[in-house]
Structures are given as structure tokens and as C-alpha cells.
Colleague: 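One structure, as C-alpha cells, below. Some questions next.
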Amino acid sequence: MKDHLLFLIIFFNPLFLLPIFSGEPTPVSIGVVLDMNSSLGKTCFLSMKMAKDDFYTSHPDYNTRIVFKLRDSLRQVIGAADGALDLIKNEKVQAIIGPQTSGEAQFVGDLGEKAKIPIISFSATSPSISPSQSPFFLRTGLTDAAQSPAIASLIKFYGWHRLVPIYEDTDSCAGFIPSLIDSLLDADITVPYRTLLSKNSNDDHISSELYLLKTMQTRVFFVHMSTPLASRFFQKAEEAGMMTDDYVWIISEKLTSLIRLMNSSIIHDSMKGVIGLRPYVPKTGKLAGFQRRWRREFRREFADDADESESMILTTYGYWAYDTVSAVAMAVEAASPLDNGRVMSSNGKTDLSEISASKTGEKLLDAIRVLSFTGLAGKFLLVDGELNVSAFQVLNFNGDQSGREIGYWTPGAGLSRTLKGGGNNSESLGPVIWPGESTRVPKGWETPTGEKKLRIAVPGTVLPGFKSFLDIKMFEAAVKRLPYALPFEYFNYSSSDGKSTGSYDLLARQVADKKYDAVVADMTITSNRSEYVDFTLPYTVAGISMVVPIKNQRSKNAWIFVKPLTPDLWLVSLGFFVFTGSIIWVLEHRINPEFRGPPTNQIGTIFYFTFSILVFAHRENIVSNLARVVVIIWVFVVLILQSSYTASLTSLLTVEQFEPSYTHISELKDNGERVGYLKDSFVKGFLVKTWKFDQEKLIPFRSPQEYAEALAKGSRNGGVAAIIDEIPYLKVFLKDHCDNYTMAGQTYKTSGFGFVFPKGSPIVSDLSRAILNITEGDEMSDIERRWFGDQTNCPKLGSKLSSNSLDFTSFWGLFLITGTVSLLAFFLYWIIFLYKNRHQLMSNMASQSSLRWRLQSIGQLFDQRDLSSHTFRNAEVKDGSKRSTEDQSPHSSPFNNNCPQSPMSFSTSQTFEEGNVSTELATPNSETPLHVVRHCCCTDH
């Protein structure tokens with residue numbers, strides 16, 4: 001069975017025998033459709049033939065050889081379609097390279113899809129045809145859409161905000177404009193208008209279009225057209241005086257790449273200062289060698305045609321044509337064997353109905369799509385069926401055809417001086433010589449002479465006293481900061497009665513109804529109005545508040561002296577006074593006579609000592625080191641408390657305590673007070689809908705003077721208790737009345753005042769940026785000073801100036817320190833006391849084991865004087881002698897009151913004077929034994 005199948009294949013396709021028996025490569029027909037009467041067609045076909053020869057010279061072992069089948073499109077879409085159809089049906093081509101233009105490619109692409117063979121174009125650049133729309137179409141050259149982000153980056157880099165496209169009215173050129181506009185809009189660049197020129201436009205029509213552009217304000221132009229039309233266009237632009245230093249001219253990639261096909265005199269005389277973009281082609285040895293060989297081949301092929309020899313130009317399209325042939329040759333080898341079967345028409349004529357589909361066309365298509373290699377133009381890689389161009393050169397033309405490189409653009413780094421650098425900064429591009437041989441960057445706009453002026457409505461009647469808000473200088477200051485001219489004229493707007501402006505809602509409606517182009521007024525930005533108009537960013541402080549009378553709350557209360565401290569601080573302070581006095585008494589009781597005596601006297605000493613520290617008038621001496629530490633810390637705490645108390649009390653007694661009469665809108669509503677607002681303001685709706693005010697309690701006013709008169713009367717006397725309005729109006733009122741009134745209560749957020757424009761107006765974003773620049777600078781301070789005056793001498797608006805009472809939270813750290821030190825001293829004292837008297841306590845407690853007796857023993861011992869203390873040990877006796885250290889035996893017990901009478905005669909007297917202790921002891925009789933004195937002397941306690 002397999003032998004029979006092999007026989008049938010050989011019988012019906014003899015070409016399979018060639019590689020087997022003759023060793024010859026299999027020829028594969030590849031169609032070529034170009035305009036052979038154009039310079040581009042001739043130069044590119046020469047590159048293709050050289051590419052085929054170079055490729056198979058480098059790959060002699062390939063089993064396939066592509067064979068070109070050329071058809072001339074005759075510069076017509078029908079000619080290209082007819083040639084492609086002939087190639088598909090009669091030449092049985094496996095693929096078609098071409099056609100040359102985007103219009104031709106659209107039709108031929110449909111034929112390729114029907115025949116299932118790849119249509120590969122390196123020169124059809126319009127996004128109107130793409131692999132996504134025509135599956136068998138591949139673009140091995142640049143798509144115009146790829147340059148759109150580069151153009152937008154260039155415009156943004158120089159700070160221009162508007163661009164006018166000028167393009168040829170063809171499918172190829174017009175198909176590029178939507179992608180260009182999308183990229184410009186992403187960069188916040190607007191296209192105010194565009195100009196279309198037909199390839200058949202005469203010079204008069206071109207001149208009239210140029211003079212129309214000259215009357216407009218934008219001076220940045222982008223030109224996208226064929227080289228013949230571009231030659232005439234720039235010649236007329238020079239004659240119209242539009243190649244001066246006020247203008248910016250940017251040409252598209254196609255025009256930049258083919259500029260050398262234009263007349264050199266036109267480039268020299270009429271295109272100085274033009275900027276262009278061109279795909280970046282790396283300079284390599286292979287490229288330089290090809291350029292030299294190409295020139296030789298061109299001279300040899302067109303030796304008999306002097307005109308053709310003079311116009312020989314190798315462009316980027318020639319490099320792409322070379323790489324396209326290399327790609328097709330690789331793919332044919334990878335996809336072989338290919339199906340050569342075609343259904344032929346009976347009469348040999350072309351007929352769309354008899355086109356049969358190729359069985360291997362998709363295989364060849366896929367083989368081309370996955371190719372990746374380094375060609376003459378750089379890396380050959382198709383992304384979604386289109387050549388991926390990694391970088392653009394930015395060129396500046398000044399009379400020559402080659403142009404001067406000023407930088408690069410890449411998708412990742414944007415504009416940069418070199419391919420290694422990046423970032424949009426002041427040094428991202430090299431210096432440019434602009435039209436008129438100027439080195440100054442044109443500003444990109446001029447005051448127009450024929451452009452329509454904006455009709456701006458302003459309120460015809462202004463409420464008295466609020467005229468400052470209709471100072472149009474704010475609007476005009478913002479317009480001056482725009483990066484282009486904005487011609488306008490003002491129109492006074494009044495309501496139907498001609499006496500008032502009426503509702504601002506109606507005024508905003510005038511813009512939505514296109515009766516005016518904008519409104520400049522103190523119009524609040526609200527959600528309701530934003531449904532039918534656009535607002536700029538606000539240029540004033542936003543919010544609703546209220547103005548109420550102020551009252552002086554300086555207290556004359558007889559008990560004001562307790563107000564500086566809060567109750568919790570008073571209680572804690574008193575508690576620490578008692579606590580600290582008790583600690584000091586414990587530490588001093590056994591060694592300091594001034595802390596001894598009857599219980600009532602000792603309690604009085606505790607309170608007197610601690611409270612007298614307030615005025616630093618305590619008389620008691622402190623002899624214990626532990627007590628001295630406690631006292632030092634306590635004095636520090638008292639000093640701070642005393643100073644703070646004094647300062648707060650002084651403030652309460654001397655500083656005026658301004659407070660608003662009302663602090664919240666709800667107080668006004670609950671008390672049934674009358675409230676004023678500005679006539680025709682949306683604030684009335686805010687009070688009725690949000691706060692449920694009775695409309696009878698809401699009184700409209702028209703001026704700050706009416707505000708003042710109503711507030712002076714008060715709500716009970718036919719006036720109002722408060723004025724509720726937007727903050728800017730309240731500030732205007734307070735400019736002259738801040739001595740008696742103040743803003744109070746919560747501020748309810750609003751969006752502020754803005755300028756009104758129609759929905760979708762491009763001016764809104766530009767004017768908003770200008771307003772933001774003003775509000776962040778010093779100019780806004782001058783404008784607000786003109787609106788609100790200087791209110792620095794007024795009481796602090798909306799604030800309560802009274803001093804707050806001092807509370808415990810401000811001093812808890814101090815109390816923590818003194819409390820900790822006191823407790824540490826207390827515990828340390830008892831540790832020393834118990835350790836020092838441990839033997840005596842253990843001896844006394846041995847006889848009784850009850851807890852009560854033990855505590856009583858400790859208490860009795862604590863209550864005794866510590867005669868071993870230096871206070872008593874160094875006390876002088878009245879006769880000048882000092883008490884002996886042996887007056888009290890270490891073995892005597894303080895609890896032994898039954899000591900027998902000593903057989904010695906002595907007398908004891910004690911005198912307490914001003915805290916000094918003196919003791920007189922009689923000298924024992926010389927006849928009395930010494931041991932009797934030592935063991936029988938009783939201790940006084």
C-alpha cells in the first residue's frame with residue numbers, strides 16, 4: 001500500500017523527483033507586486049534580488065530556492081489586485097511580497113485570505129490594514145501607529161499642548177490619524193483642528209489652507225503625506241511666511257525616511273528647522289558593505305538612464321525589503337514541501353470564483369511569524385504579525401537630506417540623547433535649530449487674528465458688598481498662564497426682568513444651551529450643576545459655616561480660684577499632700593524631736609509641714625537622709641503645680657474669653673432662632689433639606705450691611721441669631737465686622753467657586769492647571785487680600801480663647817515620680833529598722849506568739865526615741881558635757897518599767913527649746929559600783 005501511495009505522489013508531482021535524482025533545489029514561486037515606475041519600487045526590488053542572491057550564497061545546502069514572479073501595480077489598486085490574482089491563479093505562487101501602498105494591500109490581503117497564502121508587505125504602513133483584520137497579511141515594515149507615542153512624547157517634552165495634523169486625503173495617510181490622536185490625548189495634548197489635502201490639490205488650494213492655519217493660534221504642525229505633495233506643500237509654506245521662528249514643523253516617519261527622494265533645493269530652501277522621526281537602523285559592517293554593493297548594482301542596472309542614476313536612494317524600506325526576502329527564504333525551507341496545486345481557469349483568465357485555497361499556506365504563514373534573526377535593519381521579529389521597531393531616531397533637518405541626529409525615542413525610556421540614556425529631562429535631546437534658524441524653542445502658539453472669541457457671561461447685577469468676587473482678574477490671571485492664547489469677550493447676563501442676575505442655576509443652563517461659551521462668576525460647584533456643565537478647579541476656600549455674635553466669657557465668679565485645676569487634680573493633689581506628710585513623719589518620728597509628742601501634736605505636724613511647703617514656710621528640720629530625698633522631690637512637684645496654677649488663674653482673671661453665642665446649627669434650629677442667608681443662594685436648600693429648617697425662619701439678605709443690621713437686632717427683635725452662608729461671603733462680611741462677630745461651628749464641605757464651561761471642553765483641564773498654579777503661589781495671597789482685607793487684628797475666628805483647666809493627665813508623671821520615691825524610702829526605712837532591732841524584737845516576741853502582741857511590740861519599739869541616732873547621741877547637756885554612749889545599755893529593755901532603784905543618787909532634767917534638746921545627768925556617787933549603774937538605770941520613754 002505504501003508503495004502505491006509513493007507512486008501516486010511521484011506521478012502527480014514530478015518536482016519531488018528533482019531533489020532525489022538530480023540533486024537540484026526545489027524552486028518555489030514567490031510573487032512580487034510593486035510599482036516599478038516609482039523610485040521606491042525600483043530601489044526595493046533591487047534590494048530583494050540582492051537579498052535572494054546573498055541568502056542562497058550563504059546557504060548553499062538549502063533544498064529550496066525562491067523564484068520571483070514580478071507584477072507591476074502601475075500605481076493603481078486595480079493593477080495591484082489584477083497582478084496578485086494572476087500570480088495566485090496562473091503562477092501558483094506560495095506567497096506575495098507587496099503590494100507597495102496600504103490601499104493596494106487592503107484588496108490584495110483579501111485575495112491572500114481567500115487563497116490561504118501569505119501577503120507580506122514592507123511598505124504598507126497604514127493601521128487601516130493589519131494582521132488582526134486580515135489573518136494572512138504580514139507587515140515586515142513599520143506600522144504608522146508605532147510612531148504615535150514618539151510624536152506625543154516629543155510634543156510634551158517641549159511643553160506644547162496643541163497639535164494640528166496636516167495630512168493627505170488617502171486611506172494610507174488618513175488611517176494613521178486616529179492612533180495619533182489617541183496617543184496625543186493620553187499625553188493631555190489636544191487637536192483643535194486638522195487639515196486635509198488631496199494629492200491633486202493645486203497650489204492655490206494649498207496656499208488658502210496655509211493662510212487659514214495662519215489665522216489660528218496653534219503653531220505646531222504635523223505633516224503626513226507623500227513626497228510629491230510634501231514638496232509642493234513646504235514650498236508654499238515658505239512663501240506664506242510660515243517657516244519662521246514662531247512655527248514648529250514635524251514630519252512623519254514615512255516622509256522622513258523618503259525625504260531623500262524629494263528635490264534637494266526644496267529641502268534646502270523650504271524645510272529648514274523641520275523635525276522628523278525615522279526608525280533606528282544599527283550601523284554595522286554588513287550594512288555598510290551592502291550599501292556599497294547596492295550602489296554598484298544600481299549604476300549597472302540603470303546605466304542607460306541618467307535620471308534614474310541621479311535619483312538612486314537607498315532608504316529604510318530597501319533594508320526591510322532585503323530582510324523580508326531573507327525571512328521568506330528561511331520560512332520556505334522550514335515549511336517545505338509546499339503544495340503547488342491550483343485550480344486553473346479553462347480560458348487562462350483570472351476569475352475570483354475559481355481561486356482555490358492552498359493546503360500549506362498556513363504552514364508557511366506560521367513559519368514566517370515565528371522567525372527571529374538579525375537582518376540589515378536590525379532584529380527581525382514579528383509581534384502580532386507586524387515588525388517590532390525598537391527605537392526611533394529624532395532628526396533635525398537644516399537644508400540637507402540626511403538630517404542631524406538630536407536624540408532617540410524608545411518605548412521603555414522615552415526620549416533620550418543616546419540609546420543608553422533615558423528620561424524626560426532638559427538634556428534628553430540635543431540642540432535644535434528651529435525654522436528661521438532660531439535656537440529658541442517656539443512657544444507653539446500666537447494670538448490668533450481670525451479665530452472665534454469665547455462668549456463669556458458675567459452676572460449683570462452684583463449684590464452690594466460682594467462685588468470683589470466678580471473681579472475678573474482671577475479669571476484673566478489664569479488665562480495668562482495658559483500655554484496658548486484664549487481670545488474672549490464678556491457679556492452681561494441678567495434675568496428676564498432685567499433687574500437681577502437671577503438664579504445661578506439658570507445662568508449655568510445658558511452654557512449648556514450653548515448661548516454662552518463660559519461663565520465667570522462666584523458660582524458654587526454642585527453635583528446638580530455638574531450634570532450639564534463642567535467646572536474648573538475651585539479658586540476659593542470651600543465650605544458652609546455660620547457667623548454669630550461673640551460674647552466675653554471672662555468669669556467674675558467668687559469661686560474662680562478653684563477653676564484652674566480640674567476636680568480630679570484637686571483630689572489627687574490633696575491625697576499626695578497627706579501621703580507625703582505621713583511618709584516624712586514615719587521617717588523622722590524616732591530620730592527627730594519635732595515629730596514627737598502627743599498624738600494631736602504629731603497629726604498637726606504632718607499637715608502643717610506638708611501644706612506649708614506650698615509657700616515654702618515650713619519650720620521643722622529634717623534630719624533623715626531618706627526624708628530629705630522625699631522632701632526634695634515633693635518640693636519640685638509642688639513648685640510645678642504652683643507655677644501652673646498661678647499661670648492658669650492669671651489667664652482666667654485677665655484674658656478676655658471670647659466665645660461664640662452658638663456653636664452648632666442644631667442649636668439654632670432647636671431654639672427656633674431666625675437665620676439669615678444670601679439671597680438666591682443654594683444654602684437655603686441646604687438648610688431646608690439637610691437640617692429641616694422652617695422656611696419662615698430663613699431670612700434672605702443681599703449685602704454684608706444687611707447681615708450686620710440683622711445680627712445687631714437679634715432673633716427676638718426682628719433680626720437673626722446667625723448668618724449661614726459660604727465661607728468666602730462670610731469672610732467678606734467679617735472684613736468690616738470682626739470685632740463683634742465670628743465664624744463658629746462645624747464647616748460643611750462644598751466644592752467652592754469655579755468657572756463654568758460646556759461639557760467636554762478641553763479648556764477646563766488647562767485652566768484648572770493654571771488656577772492650581774495661582775492658588776499655590778503668592779498671587780493668590782494678593783487676590784484674597786483684595787477680597788477679604790487684612791483680618792490679622794481680629795479675634796481668632798471661630799475659636800474659643802479661654803484657657804482650659806489643668807487636669808491630672810498633664811501631671812501624672814510627676815505624681816508617679818514622687819509616689820515611687822516616697823514608697824521606696826518608706827520600705828527601705830522599715831527594712832533597716834527591722835534588721836537593726838531584730839535581736840530585741842525576737843527576744844520580746846519569744847514570750848508571746850500572738851500576731852497582735854507582735855505588732856504591738858513593733859509599734860512600741862517604733863514609738864521610742866532612737867538614742868543611738870546622732871540627733872540624741874551628740875546632744876549637749878546643760879553643763880557642757882555630752883551624754884555618754886553607755887547611758888543606755890544595749891541589754892536594757894525599753895519595756896522594763898520595774899527596774900530597781902539604783903543605790904546611786906542622780907537627777908535628770910530635760911529641756912525642749914525651739915527643737916533643741918538638752919539633757920542634764922547627775923554624776924553617779926563614787927561609792928556606787930559601776931555595774932549597778934549600767935544594769936539598773938531605767939530608760940525614760
Side-chain angles (χ1 to χ4, degrees), residues 13-15 18 24-38 40-56 62 64-101 104-105 107-124 136-138 140 301 321-322 324-333 335-345 348-352 354-361 364-365 367-368:
N13 196 352
L15 290 177
L18 292 177
E24 293 295 328
T26 303
V28 178
S29 297
I30 301 296
V32 178
V33 179
L34 294 174
D35 180 6
M36 297 308 294
N37 291 319
S38 67
L40 181 62
K42 293 176 181 178
T43 57
C44 289
F45 189 61
L46 178 58
S47 296
M48 293 171 62
K49 291 190 293 183
M50 293 178 64
K52 185 182 72 169
D53 294 340
D54 292 346
F55 183 83
Y56 288 116
Y62 271 31
T64 56
R65 292 291 186 272
I66 62 174
V67 178
F68 291 143
K69 303 294 182 179
L70 177 63
R71 296 294 183 269
D72 190 349
S73 67
L74 304 175
R75 299 185 180 180
Q76 295 180 351
V77 174
I78 295 177
D82 184 68
L85 190 58
D86 179 48
L87 290 171
I88 294 172
K89 289 181 63 64
N90 301 324
E91 296 292 345
K92 299 176 288 185
V93 295
Q94 300 297 325
I96 294 178
I97 299 177
Q100 190 166 314
T101 67
E104 297 168 354
F107 198 97
V108 175
D110 292 338
L111 294 177
E113 184 176 0
K114 186 174 181 63
K116 303 298 182 183
I117 65 170
I119 306 298
I120 310 158
S121 178
F122 54 82
S123 57
F136 278 82
F137 174 77
L138 297 175
T140 55
E301 187 162 336
Y322 185 98
T324 299
V325 172
S326 299
V328 171
M330 292 181 190
V332 165
E333 179 71 17
S336 63
L338 298 174
D339 175 29
N340 289 320
R342 290 288 188 275
V343 177
M344 303 285 295
S345 62
K349 296 181 181 179
T350 58
D351 189 347
L352 291 177
E354 295 185 7
I355 296 178
S356 62
S358 171
K359 297 179 181 179
T360 56
L364 180 59
L365 179 71
I368 299 174

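Both backbone and side-chain heavy atoms feed into the values below; hydrogens, waters and symmetry mates do not. Quick caveat, the model's predicted, so the values are computed rather than measured.
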Colleague: Would you say the side chain of Val108 lies within less than 4.5 Å of the side chain of Val33, judging by non-hydrogen atoms?
Modeller: no

Colleague: For Thr360 and Pro337, which heavy atoms make the closest approach, and how far apart are they?
Modeller: CG2-O, 4.1 Å

Colleague: Students often mix this up, so state it plainly: with edges at 30° and 60°, are the rings of Tyr62 and Phe55 parallel, tilted or perpendicular?
Modeller: perpendicular

Colleague: Are Met36 and Leu70 close enough that some pair of their side-chain heavy atoms sits under 4.5 Å apart?
Modeller: yes

Colleague: If we only count heavy atoms from C-beta on, is the Leu138 to Thr324 side-chain gap below 4.5 Å?
Modeller: no

Colleague: Provide the closest heavy-atom pair for Val325 versus Lys52 in the form atom of the first, atom of the second, distance.
Modeller: CG1-N, 3.7 Å

Colleague: If you define the side chain from C-beta out and look only at heavy atoms, does anything of Ile119 sit under 4.5 Å from Pro99?
Modeller: yes

Colleague: Any chance you could measure Ser356, atom OG, to Lys89, atom NZ, to the nearest 0.5 Å?
Modeller: 7.0 Å

Colleague: Under 3.5 Å, is there a donor-acceptor pair between the side chain of Arg71 and the main chain of Gly31?
Modeller: no

Colleague: Donor-acceptor check, side chain of Glu113 to backbone of Phe136, threshold 3.5 angstrom: yes or no?
Modeller: no

Colleague: Can you confirm whether Ser29 sits close enough to Lys92 that some side-chain heavy atom of one is under 4.5 Å from a side-chain heavy atom of the other?
Modeller: no

Colleague: Return the CD1 to CD1 distance between Ile368 and Ile120, rounded to the nearest 0.5 Å.
Modeller: 3.5 Å

Colleague: Mind checking the CD-CD spacing from Gln76 to Glu104? Nearest 0.5 Å is all I need.
Modeller: 9.0 Å

Colleague: Which pair of non-hydrogen atoms, one from Asp35 and one from Asp72, has the smallest distance, and what is that distance?
Modeller: CA-OD1, 3.6 Å

Colleague: Do Phe122 and Ile97 come within less than 4.5 Å of each other through their side chains, counting heavy atoms only?
Modeller: yes

Colleague: So which heavy atom on Leu111 is nearest to which on Ala81, and how close?
Modeller: CD1-O, 3.7 Å

Colleague: Could you check whether any side-chain heavy atom of Glu301 comes within less than 4.5 Å of a side-chain heavy atom of Phe45, counting everything from C-beta outward?
Modeller: no

Colleague: Please report the shortest heavy-atom distance between Leu34 and Gly41, naming the atom on each side.
Modeller: CD1-O, 3.9 Å

Colleague: Nearest 0.5 Å, what's the OG1-CD distance between Thr26 and Glu333?
Modeller: 9.0 Å

Colleague: Can you measure from CG (Leu365) to CD (Gln94) and round to the nearest 0.5 angstrom?
Modeller: 12.5 Å

Colleague: Against Gln100, only a single residue in Ser38, Ser121, Ser123 fulfils side chain to side chain donor-acceptor pair (under 3.5 Å); can you say which?
Modeller: Ser38

Colleague: List the atom of Ile66, the atom of Tyr56, and the distance in Å for their closest heavy-atom pair.
Modeller: N-OH, 3.0 Å

Colleague: Output the distance between atom CG (Asp82) and atom CG (Leu87), rounded to the nearest 0.5 Å.
Modeller: 9.5 Å

